[in-house]
Amino acid sequence: MSSSDPISILSDRFRAAIRAAFPQLTAEIDPLIAPSKQAQFGDFQCNAAMSLAKQLASKPRDVAQAIVKHADLGDLAEKLSDASIAGPGFINIKLRGDSLGSLLASMDGPSLGVEPAREPMTVVVDLMGVNLAKQMHVGHLRSPFIGDAVARTFERLGHTVLRQNHLGDWGLNIAMTVARLIEMRDAGTLNLDSITLDQLDAAYKAAESSTRRDVDGLAAARKSGHPKAIAELEAQVDGATDAFNRARQTLVKLQAHDPDTFGVWQRIREVTMSVCLAVCERLRVNVTDEHSAGESSYAEELAPMVADLEKRAVAEVDQGALIVRVDQPPRDAAGNPAWEPIKEPCLVRKTDGGFLYATTDVCAIRRRVQKLLADRIIYCIDARQNLHLRQVFAASVRAGYATNPRTGRTAVMEHAAFGAVLGEDGRPFKTRSGDSVSLQALIDEAVDRAAAAVRARNTTISDSELRATAETIGVAAMKYADLCNDRSRDYMFSFDRMLAFEGNTGPYLLYAYARIRRIFEKARERGVEGSWSSAAFRIAAPSEKTLALALLPYNAAVARVAETLQPHHLCQYLYDLAGTFSTFYDQCPVVDAPDAATRDSRLRLCDLTGRVLRDGLSVLGIPTLERM
RNA sequence: GUCCCGGUAGCUCAGUUGGAUAGAGCAGCGGUCUUCUAAAUCGCAGGUCGGCGGUUCGAAUCCGCCCCGGGACGCCA
């Protein structure tokens with residue numbers, strides 16, 4: 001299919017021109033086409049002459065002249081001449097007046113100019129790390145927001161996407177909680193049938209602290225010699241040791257699927273998952289139960305896998321633990337290492353024979369590549385896990401687990417790392433008392449604030465519509481505020497800013513879309529319907545041209561998100577589009593346009609803008625509203 | 001100590017992979033509603049791009065050395 005993005009078309013034309021002018025250049029050529037920053041220089045510019053001059057050992061302006069001579073821009077842009085060359089060798093390009101209309105027309109189809117991937121791949125996206133028996137809090141926000149947006153981007157491009165919710169649902173901490181709950185149930189202080197996640201969370205914390213042995217405190221007390229303090233701390237350590245041992249016994253029972261123990265565990269899982277999935281649904285994050293792939297699901301595979309690693313000497317014993325060294329990657333024929341060397345080895349078995357989270361993660365890669373046939377695995381996880389993930393990736397490659405059985409190629413594994421969520425004081429987001437804020441409370445507040453804002457501007461809206469509208473606006477505000485930043489940075493969580501309805505926010509984009517919908521409602525009231533859909537685009541007014549230019553690079557924006565795993569590039573595109581639309585809206589009457597042809601052209605322009613906004617927001621996982 | 005992020009307007013952030021005079025939004029100042037939603041729009045003001053060197057026609061961007069902030073560094077997950 002032919003592209004509708006002028007940068008893409010111009011790149012092709014200039015690449016051909018450069019090839020023709022300099023046949024001696026064999027390497028790949030980047031024609032460096034960019035929009036002009038200032039209108040006086042035209043619409044676009046080619047910056048390739050300067051860098052090529054270096055390779056060709058000639059003068060940049062001579063190179064530019066040769067490019068200009070060979071460039072055929074057809075009916076897209078005005079013919080180039082020596083006057084098109086400026087400064088050290090910039091080539092300025094001015095689109096022809098009628099070309100924007102035909103570019104828009106070529107974009108105006110179901111795909112909105114988005115080109116499907118040439119080689120559809122299977123992409124696994126790891127996008128949530130919920131732990132059993134723990135209340136969801138602000139720290140659980142970014143992974144599903146970013147991960148779902150990335151997943152949707154790949155889906156939009158025609159790839160097969162498999163979301164994975166890597167649940168923390170196994171291990172000693174969970175067993176500890178199970179032991180605690182059984183004790184409470186047997187003591188009659190707890191009804192497991194009606195237990196809530198908050199109660200589970202409390203039990204988890206209690207279990208955790210009851211097994212923490214204060215050996216440092218005891219040592220200090222012994223040193224200072226206070227008999228009472230020593231006695232208390234001895235009792236504490238003994239008690240904690242008992243609790244710890246009970247937890248270990250419970251873990252053994254759990255692993256053996258002892259009916260009572262396993263039943264309690266299942267109950268914990270049920271309660272946690274129902275909250276987790278309800279939150280996902282409310283946040284419009286496409287994660288359902290079928291995406292669950294908990295640590296427990298790997299439990300049976302760990303021992304055989306580790307035996308395989310040991311047998312093939314991929315892993316070796318070091319200081320009692322079993323490790324996979326990743327400091328000396330094999331090199332291919334060209335001398336490129338299979339991964340960047342990492343000094344710290346990857347531990348896959350503890351001295352006591354137990355497995356670690358790295359073991360499970362390697363096992364997950366093995367399943368994702370060998371069974372799910374992943375070509376690419378994307379981890380949307382906290383930046384602090386970076387070293388751990390790099391080790392796990394390297395160990396998997398070394399073990400051969402990351403080699404896709406269908407293609408024979410090593411799956412591409414990437415860490416889409418993100419920073420912390422900070423409060424407005426610049427410190428990690430917490431309540432005044434220092435607790436983490438529950439996700440439910442956070443969403444409720446965003447929605448409440450959105451409701452108040454809608455009510456303040458619209459007194460006639462029904463309560464049910466108000467609720468639905470506020471829900472959409474509140475969630476859009478939260479998601480957009482997260483996604484519009486470079487994910488690798490820490491980001492500042494501020495209700496005031498995300499719900500300000502001004503500037504680069506979710507509500508601003510929703511508002512732009514709602515205004516477009518209102519134009520069509522108005523048009524229908526006037527009896528104008530349908531006739532515009534086949535109208536010719538007549539791009540005349542400056543704000544029409546700006547809007548058209550903002551519209552065309554939609555494909556590039558989506559493609560860029562897939563390339564960089566950075567949804568903020570799409571946010572930037574959409575914000576720019578909404579902004580240019582607002583200016584157009586202000587300056588160009590649509591329904592009351594001076595003549596029918598202009599009106600129909602503008603209606604079609606509005607329709608295209610609205611569909612791109614809706615589609616782009618849907619790629620981010622944000623639904624639109626017909627009215628606000 | 002080693003490694004990974006980050007440092008751009010008073011605040012929150014972009015910056016198309018090295019291009020022309022570094023851009024938005026808040027906050028500040030001043031315009032624009034009998035008109036398709038003013039939740040908008042237009043303008044003004046605001047900068048040693050952490051610092052110093054280097055690479056070249058050209059650096060916020062690449063390289064080196066520092067400074068500051070955050071994080072991670074074998075038997076927790």
Side-chain angles (χ1 to χ4, degrees), chain A residues 7 30 32-38 40-41 45 47 50-51 53-54 59-60 86-90 92 129 131 168 170-173 295 318-323 342-352 354 356-358 360-361 382-388 390-391 417 419-420 422 424 426 428 453-454 456-458 473 481 484-486 488-492 494 496-497 499-505 507-508 510-512 514-516 518-523 525-526 553 556-557 560 564 568-569 571-572 575-576 579 582-583 585-593 602 606 627-628:
Chain A
I7 291 195
D30 186 351
L32 298 171
I33 307 294
S36 295
K37 282 203 182 129
Q38 287 148 79
Q40 50 166 317
F41 296 129
Q45 58 186 42
N47 299 328
M50 284 83 76
S51 60
K54 211 170 291 177
K59 287 187 198 149
F90 300 107
N92 290 321
N131 294 308
W170 207 242
L172 191 60
N173 284 3
E295 291 171 344
D318 187 80
Q319 298 168 39
L322 190 69
I323 64 168
I342 305 164
K343 245 189 332 217
E344 298 86 346
C346 182
L347 267 79
V348 292
R349 193 180 65 205
K350 298 189 283 183
T351 305
D352 69 4
L356 299 103
Y357 77 137
T360 309
D361 281 331
D382 191 334
R384 288 176 300 187
Q385 307 276 349
N386 184 261
L387 173 61
H388 162 69
R390 279 165 38 225
Q391 289 173 316
L422 306 179
E424 288 181 78
V454 172
R457 292 172 174 86
N458 185 341
I473 295 174
C484 74
N485 291 305
D486 178 335
S488 66
R489 299 168 52 126
D490 292 349
Y491 108 94
M492 197 167 280
S494 161
D496 285 336
R497 242 193 300 276
L499 282 154
F501 296 176
E502 289 147 348
N504 193 5
T505 67
Y508 177 81
L510 293 182
Y511 178 59
R515 285 172 122 185
I516 292 174
R518 176 61 189 152
I519 288 172
F520 285 93
E521 209 175 299
K522 196 84 182 174
E525 286 169 14
R526 299 282 184 84
R560 193 138 185 251
T564 61
H568 81 278
H569 289 127
C571 295
Q572 202 68 36
Y575 176 55
D576 186 48
S582 292
T583 302
Y585 180 92
D586 200 56
Q587 294 175 4
C588 296
V590 178
V591 176
D592 292 319
R602 286 179 180 170
C606 288
R627 294 192 288 174
M628 280 175 78

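By convention in this document, chain letters (A, B, ...) are assigned in the order of the sequence lines, proteins followed by strands, and residues within each chain are numbered from 1. The shown structure was predicted, so the numbers you read here are calculated from the model rather than taken from an experiment.
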Quiz item: Residues two or more places apart in sequence or in another chain: which of them pass salt bridge (charged side-chain N to carboxylate O under 4.0 Å, His left out) with A:Arg627?
Solution: A:Glu465

Quiz item: Which residues satisfy the salt bridge (charged side-chain N to carboxylate O under 4.0 Å, His left out) test with A:Glu424, sequence neighbours excluded?
Solution: none

Nearest of [options] to any side-chain atom of [X]?
X	options	value
A:His568	B:A14, B:A39, B:A40	B:A14
A:Asn485	B:C4, B:C13, B:A40	B:C13
A:Arg489	B:C57, B:G6, B:A40	B:G6
A:Thr564	B:U41, B:U17, B:G18	B:U17

Results of side chain to side chain donor-acceptor pair (under 3.5 Å) for [X] - residues two or more places apart only:
X	answer
A:Asn504	A:Tyr480
A:Gln40	A:Gln38
A:Tyr491	none
A:Arg384	A:Asp382

Quiz prompt | Pairing nucleotide - B:C13, Watson-Crick or G-U, each distance under 3.5 Å | solution = B:G23

Counting the atoms with a prime plus P, OP1 and OP2 as sugar-phosphate, which does [X] contact under 4.0 Å by heavy atoms, base, sugar-phosphate, or nothing?
X	result
A:Arg627	base
A:Pro553	nothing
A:Pro589	base
A:Ala53	nothing
A:Lys343	sugar-phosphate
A:Cys571	nothing

Exercise. Let me have a per-nucleotide readout for nucleotides 67-77 of chain B, 5' to 3', with B, S or -, counting only protein heavy atoms under 4.0 Å.
Key: ----SSSBBSB

Quiz prompt | Base of B:A20 and ring of A:Phe41 stacked, centres under 5.5 Å, planes under 30° | solution = yes

Quiz prompt | Ring-on-base stacking B:A39 with A:Tyr508 (under 5.5 Å, under 30°) | solution = no

Quiz prompt | Set of residues satisfying side chain to side chain contact (heavy atoms under 4.5 Å, CB included) with respect to A:Ala420, sequence neighbours excluded | solution = A:Leu422, A:Asp490

Using the 3.5 Å cut-off, write out each protein N or O paired with an N or O of nucleotides 22-30 of chain B and the distance between them.
none

Self-check item: Presence of donor-acceptor pair under 3.5 Å, side chain of A:Gln40 and base of B:U21
Solution: yes

Practice problem: Decide yes or no, distance alone: a donor-acceptor N/O pair under 3.5 angstrom between the base of B:A38 and the side-chain of A:Asp586. | Solution: no

Self-check item: From SG (A:Cys606) to CD1 (A:Ile519), nearest 0.5 Å
Solution: 4.0 Å

